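The model shown is predicted, which means the values in this text are computed figures rather than measured ones. Order of the sequence lines fixes the chain letters, A, B, ..., with proteins taken first and strands second; residue numbering starts at 1 for each chain.
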Amino acid sequence: NAGVMQNPRHLVRRRGQEARLRCSPMKGHSHVYWYRQLPEEGLKFMVYLQKENIIDESGMPKERFSAEFPKEGPSILRIQQVVRGDSAAYFCASSPPAGLMNTEAFFGQGTRLTVV
Amino acid sequence: AQKVTQAQTEISVVEKEDVTLDCVYETRDTTYYLFWYKQPPSGELVFLIRRNSFDEQNEISGRYSWNFQKSTSSFNFTITASQVVDSAVYFCALSAEGYQKVTFGTGTKLQVIP
């Protein structure tokens, strides 16, 4: 029973390039959450998605960032024209569809993005 | 608005000592959930506990125990007889949205010295 899978684990991008981070939720989970952890800080909520729907994107920066969770395939967090300030660890979590608060969200191991 | 405060940035203890990590939260919601996560040096997040606002019973799991007090809005975490493997950053977190949108504290870095 594989956990939440994120890839790549480490990603290096030059300023101005695009970064694509992937998250495959646990089997049976249809809810995905993305969080960002800046160096020496706690995690900050970015976006909550269900299959083909964005439910809450209140934590997403207004520009350059987008997220999707298609009917088939992993959830993608996309950062366009990356800047040094985007360097962070990006965590994905997933949870099952029913009784969301009867269980914890399971986190992936994170993708560490470095912008050079 | 929700807020989680972990006033202790870093703590160092000698192995086998007990240590308590403090967590104070703010929320206007009457129904909410509190969490503790561990982040070891390898970077992953390890779930430790979830507690809902209606359950003020303290919990013990092996060397770990949690003290939830609504009167002081605190959810403190104690490690008894600490071990080197306990060295990590510990995050307290809060959710009141009915789903897993979680507000994290800034974390407490615990170093257990052999």
Checklist line | Single-linkage hydrophobic cluster, 4.5 Å side-chain cutoff, B:Val89 and A:Phe91 together | finding: yes
Next item on the list: Mind running ring pair (Phe, Tyr, Trp, His ring centres under 6.0 Å) on A:Phe45 and B:Phe104 for me, showing each step along the way?
Entry: CA-CA 9 Å; A:Phe45 169 82; B:Phe104 283 81; over 10 Å; no
Margin query: Can you confirm whether A:Lys51 is buried at NZ, in the sense that more than 12 heavy atoms of other residues, nucleotides or ligands lie under 6.0 Å from that atom?
Written below: yes
Notebook entry, point to check: Are A:Leu11 and A:Ile76 connected, step by step, through hydrophobic side chains (Ile, Leu, Val, Met, Phe, Trp, Tyr) whose heavy atoms are closer than 4.5 Å?
Noted result: no
Checklist line | 4.5 Å side-chain heavy-atom contact, B:Thr106 and A:Glu41 | finding: no
Notebook entry, point to check: Of the non-hydrogen atoms in A:Gln37 and B:Phe91, which two are nearest, and what is the gap between them?
Noted result: NE2-CZ, 3.4 Å
Checklist line | Other residues, nucleotides, ligands: >12 heavy atoms within 6.0 Å of B:Lys70 NZ | finding: yes
Next item on the list: Answer yes if the ring centres of A:Phe107 and B:Tyr37 are under 6.0 angstrom apart, and no otherwise.
Entry: yes
Check: Mind checking whether B:Leu34 and B:Tyr90 sit in one hydrophobic cluster, side chains of I, L, V, M, F, W, Y counted as touching below 4.5 Å?
Finding: yes
Check: Heavy-atom distance under 4.5 Å to chain A: side chain of B:Gln6, backbone, both or neither?
Finding: neither
Checklist line | 4.5 Å side-chain heavy-atom contact, A:Leu43 and B:Val102 | finding: no
Next item on the list: Please assess A:Gln109 against B:Ser42 for the test side-chain contact (heavy atoms from CB on, under 4.5 Å), listing each intermediate value before the final yes or no.
Entry: CA-CA 9 Å; A:Gln109 293 194 304; B:Ser42 50; over 6 Å; no
Next item on the list: Consider only side-chain heavy atoms of I, L, V, M, F, W and Y, link residues closer than 4.5 Å, and tell whether A:Met46 and A:Val82 are in one cluster.
Entry: yes
Item checked: Straight-line distance of A:Arg9 CZ to B:Glu44 CD, nearest 0.5 Å -> 7.5 Å
Next item on the list: Verify whether one side chain among B:Thr103 and A:Lys44 offers a donor that lies under 3.5 Å from an acceptor in the other.
Entry: no
Next item on the list: Report yes or no: do A:Leu77 and A:Leu49 belong to one cluster of Ile/Leu/Val/Met/Phe/Trp/Tyr joined by side chain heavy-atom distances under 4.5 Å?
Entry: yes
